[in-house]
Amino acid sequence: MKPLDFGGSGFEYFKIWIVNILLILITLGVYYPWAKVRNQRYFYANTTLEGRNFEYHATGKQLLMGYIIAMVFLMVVSIVQNVSPIGALGAFLGLSIIIPWVVWRSLAFSMRMSSFSNVRFRFVGDLKGAYINFMLLPGLLLLCIYGGPSLVLLWLITLPTSIGMEEGLLIATFAFVLIVLMVYLFAFLKNKNTHYMVNGYRFGQGQFSTLLETQKFVKILLKTLGLAVLILMSIAILTVFMMVLAGGFPSLLNIFSQDASDILAWLLRHNIEGALGLVYIAFLMATFILVAYFQSQVRQYVFANTVLNGKVNFSSSLTTISLAWLMMSNFLLVLVTLGLGTPWAKVRRAKLILKNTLVDVEHGIDGFITQQQDKQSALGEQIGDAFDVDIGIGV
Amino acid sequence: MIQGVWFSQGRAQKYDATLQVRAQSYVISVEGGELLQGDLNQLTVSDRIGNVERKLTLSDGSVFASRENDAIDDLLQANRNGPGLIHFLESRVAWILLALVITIGSAIAGFRWGVPLASEFIAHALPHKTNALIANETLSFLDEFTFKPSQLSAAKQNRIRDHFRERLVPLDEKNQHLKYTLHFRAWDYAGNSIPNALALPSGDIIVTDQFINLSQNQAQIDSVLLHEMGHVVHRHSLQKLIETTLIGATMVMISGDSNSAVDMGVGLGSIMVTSHYSRNHEYEADAYAFKKMLQAGIDPQAFAKVMQRMQHFMNSKQHGRKNNRTAASPASTEKPPLGKIIDYLSSHPSTEKRVQQAQAYSQCFKQKSAACDRL
Ligand SMILES: [Zn+2]
């Protein structure tokens with residue numbers, strides 16, 4: 001197993017980045033597709049494995065048309081959303097019908113425009129799969145998230161008097177079932193999505209294949225949720241502790257009888273904005289840790305179970321702590337430099353992630369050959385690209 | 001001589017190779033003895049980016065790749081356009097610094113003056129029909145989900161409406177084509193009756209029962225109605241729509257394919273910028289109201305008074321702070337409790353500041369001086 005390497009540097013990328021922004025400003029946005037190409041080329045070409053590198057082949061001209069269509073489309077959607085509430089609903093429905101197609105074309109385009117060691121990638125997943133994975137399953141999950149609670153609310157409204165023991169128990173059971181269903185559905189969606197994409201990738205004549213189990217995703221998700229509860233509890237304890245330190249908070253026991261708005265009112269009365277700021281930062285850090293845990297675990301599992309052409313294996317050594325630290329430090333870096341540190345943040349991210357992406361090169365890469373690709377209308381693909389549907393290969 | 005590798009078309013296998021240029025032609029010698037040669041013009045050379053490997057594509061589709069960027073540039077310089085303008089910019093630190101200054105300068109100037117000016121210009125350049133279009137369904141939507149019918153007596157409604165039509169509407173001489181309509185509604189939220197007034201771009205102005213009940217005299221009602229007329233005259237709804245769209249597009253371009261951490265910063269930035277615009281709209285509407293009040297002989301103190309009354313009412317009623325999301329309301333004026341940060345994020349200026357302005361106008365109202373023009 002050999003790790004990928006990122007050869008770029010923060011300052012070198014900073015120069016490219018700042019010139020990009022300058023030209024975008026001067027041209028009032030028209031330069032954006034070319035800027036994007038330079039950006040992509042820098043990151044692809046600096047990604048190497050055993051002296052061979054990736055390449056991004058799309059040109060600014062190729063992207064321009066799709067980019068214009070995407071911009072006009074986004075403006076229309078944003079205006080329609082603001083003009084009327086019914087329009088907003090229509091825009092949402094319209095988008096959810098178009099998005100799977102866009103994602104599908106975008107996957108095909110960005111794969112076709114990528115190569116490693118002079119051999120092109122492809123994506124051969126079908127449109128039906130795209131609709132199942134990017135419309136049907138997410139729709140079901142949304143239905144679960146919004147539909148369930150609405151049902152409870154509707155039912156509560158029809159109840160004549162206050163809630164008794166029995167109703168409370170019923171609601172609790174319903175909520176429990178709903179949460180279990182949501183966790184399972186989310187894991188199922190994640191599994192299906194990964195399947196659809198990875199099994200659709202081709203490298204030359206080589207096929208990527210993966211076989212994953214929903215159960216494992218459920219496990220990762222449950223562990224993440226457990227971690228979330230743990231972290232939230234420690235933040236809560238910390239908050240109470242700080243309140244007591246700040247002085248004057250009733251007695252500790254009282255807290256539990258008070259509702260959240262009373263605690264907030266107390267905080268405001270005592271004007272401890274600093275403490276609130278700390279709690280906010282704590283929440284932010286907690287989010288980073290949870291996201292890092294989930295992502296690194298899923299990555300490890302997917303990579304370990306993916307194989308190219310039946311013999312090239314992959315593995316991820318990305319750990320929760322290193323990813324969480326990266327996210328936190330990058331966040332601070334970008335914040336403190338008012339955005340000017342962004343290039344360094346991106347380079348740091350690429351370096352860490354690629355260093356922890358391992359490929360088995362024992363069987364050699366020399367045998368791979370670019371396959372003929374049928375030229376379909378490129379428009380949809382370019383639109384997808386302009387919408388920034390992110391599906392990097394190294395990451 | 002340039003060292004590199006050579007790939008035949010579409011194949012992953014690489015061979016060591018060297019490139020030599022003589023006059024107008026190139027020779028690539030591949031390990032194993034194969035020689036490829038041809039005219040320099042037949043080579044497609046990729047643009048230089050940083051110091052990444054350069055690809056020279058031959059007419060047969062095979063590729064010569066090398067990291068000796070400077071040598072390749074030198075070779076091509078004599079024959080063709082060299083490394084390209086963009087890389088020239090990227091490789092000059094002085095240029096970079098200039099780019100940096102221009103970028104930051106124009107970003108600040110753009111957000112501070114450019115976007116509001118452009119939106120104002122566009123908003124006023126668009127036909128009045130556009131305004132009606134935005135407002136089209138808003139009132140019926142609000143009636144459906146937010147408002148209830150007014151409980152005020154028809155007599156009282158008519159008295160206020162007549163006064164509005166006869167005394168206030170004529171003050172707006174410049175916009176005779178505008179059709180102002182006054183609506184009365186009740187608005188209950190979380191068990192409280194909310195005092196508020198809002199203007200739709202079409203000229204529909206809605207006042208809530210609680211606002212009428214809280215105001216003590218006609219002057220106070222007038223001051224708020226004039227403020228709402230100010231929003232209509234300045235086409236603030238349309239401006240806001242354009243501003244939001246412009247900022248959104250700019251932010252998307254700046255962040256590009258960013259990650260979540262960058263997005264968070266960008267999101268916070270755009271909230272700050274757009275709420276800055278909203279606050280300016282409020283000041284603009286206030287100023288409009290004050291000027292018209294002077295013109296009509298109403299003491300601007302009335303505005304200060306009614307603002308304070310509404311703020312006091314909201315403070316006494318509200319426990320948890322809710323963000324009043326209705327645009328163009330002078331009444332959601334409770335002072336944001338979290339100090340300066342939230343003050344800056346809030347879309348409405350603090351009541352204190354607005355009261356101060358009103359009092360400044362009131363001063364010169366009492367002195368009957370012309371000094372108000374300069375306020
Ligand atoms: Zn207002």
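Each chain gets a letter, A, B and so on, in the order the sequences are listed, and its residues count up from 1. Keep in mind that what you see is a predicted model, and the values were worked out from it rather than measured.
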- Which is it for B:Asp47 and A:Arg38 under the side chain to side chain contact (heavy atoms under 4.5 Å, CB included) test, yes or no, and what are the steps along the way? CA-CA 9 Å; B:Asp47 289 337; A:Arg38 278 190 90 72; 4.0 Å; yes
Side chain from CB out, backbone as N, CA, C, O: work out which of these in [X] comes under 4.5 Å of a heavy atom of chain B, or both, or neither.
X        : answer
A:Phe116 : neither
A:Leu340 : side chain
A:Asn46  : both
A:Leu23  : side chain
A:Phe43  : neither

- Query: Where is the tightest heavy-atom contact between A:Tyr42 and B:Gly50, given as atom of each residue plus distance?
  - Reply: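 Where A:Tyr42 meets B:Gly50 most closely, the heavy atoms are CE1-CA, 4.4 Å.
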- Pick from A:Ile26, A:Ile18, A:Val19, A:Asn118 with the largest number of heavy-atom pairs that fall under 4.5 Å of chain B: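 Top count of heavy-atom pairs under 4.5 Å with chain B: A:Asn118.
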- Task: Could you tell me the separation between the CZ atom of A:Arg41 and the NZ atom of B:Lys55, rounded to the nearest 0.5 Å?
- Result: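 So the gap between those two atoms works out to 10.0 Å.
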- Those residues of residues 8-16 of chain B, ordered by number, that approach chain A below 4.5 Å (heavy atom to heavy atom):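 Only B:Ser8, B:Gln9, B:Gly10, B:Arg11, B:Ala12, B:Gln13, B:Lys14 of residues 8-16 of chain B have a heavy atom under 4.5 Å from chain A.
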- How would you list, by chain and number, every residue that makes a ring pair (Phe, Tyr, Trp, His ring centres under 6.0 Å) with B:His281, sequence neighbours excluded?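 In terms of ring pair (Phe, Tyr, Trp, His ring centres under 6.0 Å), with neighbours along the sequence ignored, B:His281 is linked to B:His236.
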- Side chain to side chain, A:Glu55 and B:Ser46, heavy atoms closer than 4.5 Å: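 Not touching, per the 4.5 Å side-chain cut-off.
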- Query: Quick one: of B:Ile49, B:Val63, B:Asn51, who has the most non-hydrogen atom pairs under 4.5 Å with chain A?
  - Reply: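 Result: the option with the highest number of such pairs is B:Ile49.
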